[in-house]
2 protein chains.
Amino acid sequence: MARDKGDLLQGTLGMLILKSLAAQELHGYGIARWIEDVTKKSLTIEEGSLYPALRRLEDRGWVSSSWAVSETNRRVRVYTLTRQGRAHLRKEATSWMEHARAISIVLRAEPSYV
Amino acid sequence: MARDKGDLLQGTLGMLILKSLAAQELHGYGIARWIEDVTKKSLTIEEGSLYPALRRLEDRGWVSSSWAVSETNRRVRVYTLTRQGRAHLRKEATSWMEHARAISIVLRAEPSYV
DNA sequence: CGCCAACACCTTGCAAGACTATGCCTAGCC
DNA sequence: GGCTAGGCATAGTCTTGCAAGGTGTTGGCG
């Protein structure tokens, strides 16, 4: 209710992360970049949200991680979508789209609706 | 992340309530009925969410309330959208739609996106 | 060489929002 | 009397995202 313009919609971060990993594995920083890229900066990921979210996803078995070295020669933690993660993403995305559609229908309803 | 199917998308309840009051004043129970009606039950409002939400909206000056007697002859608290509430609804709805659109674009992105 | 920007990870503490569970009361009907 | 539907409300809990703070590395540039 008190969202500011940079903020994400609640409950979408995990889903976006899973989606970012659907095609390729990425490290945390790369996930943030990916999301900002595909949305042309209209969604921004704060690191203080990202890393705790990744931990939650790993706890639930939706992603797994391991240490590696990046192209830029840094030590990075690389995340991979698990089989369950993929299944979950499919379900959650479908359900989210349905709910979002329901809401946007309400919002677009004529004010004169009775 | 752990939403069940009946759940609302976080952050939308206040907005839906404001929208329900855009055309007519309603009492709490009536708001819940209205939302379920226009979404054909695909969104359900729990009373434990509704009343605290109404209080928040009133605290912020977006709705005002008064006691009345319903058609069914019961004591009811009737809510009205204030001028500021109407302005806020317009802004919040616009912003929500934009964010939701950004997210749905990401979700629909080809998994082969790189 | 020293500095700085970009890259990369992480944690603590907080606030918001929605839910569960529970409680109370009334009107109308059988 | 007892039941259902209508109606209001709160306390406590959980999830989530954020702000603020912190650590360290790499590579380029002056």
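Worth saying up front: this structure is predicted, and the values here are computed from it rather than measured. A, B, ... follow the sequence lines: proteins, then strands. Residue 1 opens every chain.
- Using a 4.0 Å heavy-atom criterion, one finds that S65(A) contacts no nucleic acid atom at all.
- The distance between atom CE of M15(A) and atom P of dT16(D), rounded to the nearest whole Å, is 12 Å.
- Remark: P of dA18(C) and CG of L43(B) are 12 Å apart, rounded to the nearest angstrom.
- Distance CH2 (W34(B)) to P (dG6(D)): 19 Å, rounded to an integer number of Å.
- Side chain of K19(B) to backbone of I103(A): no donor-acceptor contact under 3.5 angstrom is found.
- In this structure, R55(A) and R75(A) both approach DNA chain C, and ranking their closest nucleotides by distance from the 5' end singles out R75(A).
- With sequence neighbours excluded, no residue satisfies side chain to side chain donor-acceptor pair (under 3.5 Å) with S64(A).
- Regarding I31(A), its CD1 atom lies at a distance of 16 Å from the C1' atom of dG17(D), rounded to whole Å.
- T39(A) places a side-chain N or O within 3.5 Å of a backbone atom of I35(A) that can act as its donor or acceptor partner.
- Dashed line: the shortest gap from a side-chain N or O of R33(B) to OP1 or OP2 of dA5(D) is not under 4.0 Å.
- Taking K41(A) as the reference, E36(A) meet the salt bridge (charged side-chain N to carboxylate O under 4.0 Å, His left out) condition, with sequence neighbours excluded.
- When rounded to the nearest whole Å, the span between CG of L26(A) and C1' of dC7(C) equals 15 Å.
- One interatomic measurement links the two molecules: CG of L54(B) to P of dC8(D), which rounds to 9 Å at whole-angstrom precision.
- The salt bridge (charged side-chain N to carboxylate O under 4.0 Å, His left out) search around E46(A) returns none, not counting sequence neighbours.
- Distances shorter than 4.0 Å separate none of the side-chain N or O atoms of H27(A) from OP1 or OP2 on dC9(C).
- Here T94(B) pairs with E98(B) under the side chain to side chain contact (heavy atoms under 4.5 Å, CB included) rule; sequence neighbours left out.
- Under the side chain to side chain contact (heavy atoms under 4.5 Å, CB included) criterion, R55(B) pairs with D59(B), sequence neighbours left out.
- Regarding L57(B), its CG atom lies at a distance of 13 Å from the C1' atom of dA18(C), rounded to whole Å.
- Taking atom CG of L9(B) as the reference point, atom C1' of dA16(C) lies 16 Å away to the nearest angstrom.
- The shortest distance between the side-chain N/O atoms of R56(A) and the OP1/OP2 oxygens of dT16(D) is below 4.0 Å.
- Closest to the P52(B) side chain, of the nucleotides dT10(D), dA8(C), dT16(D), is dT10(D).
- If you find the closest nucleotide of DNA chain D to V78(B) and to L50(A), the one lying nearer the 5' end belongs to V78(B).
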For each nucleotide in nucleotides 20-30 of chain C, reading 5' to 3', give B when a protein heavy atom comes within less than 4.0 Å of its base, S when such contact involves only the sugar-phosphate, and - otherwise. BB----BB---
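- Residue Q10(A) places its side chain closer to dT16(D) than to any other of dG7(D), dT16(D), dA9(D).
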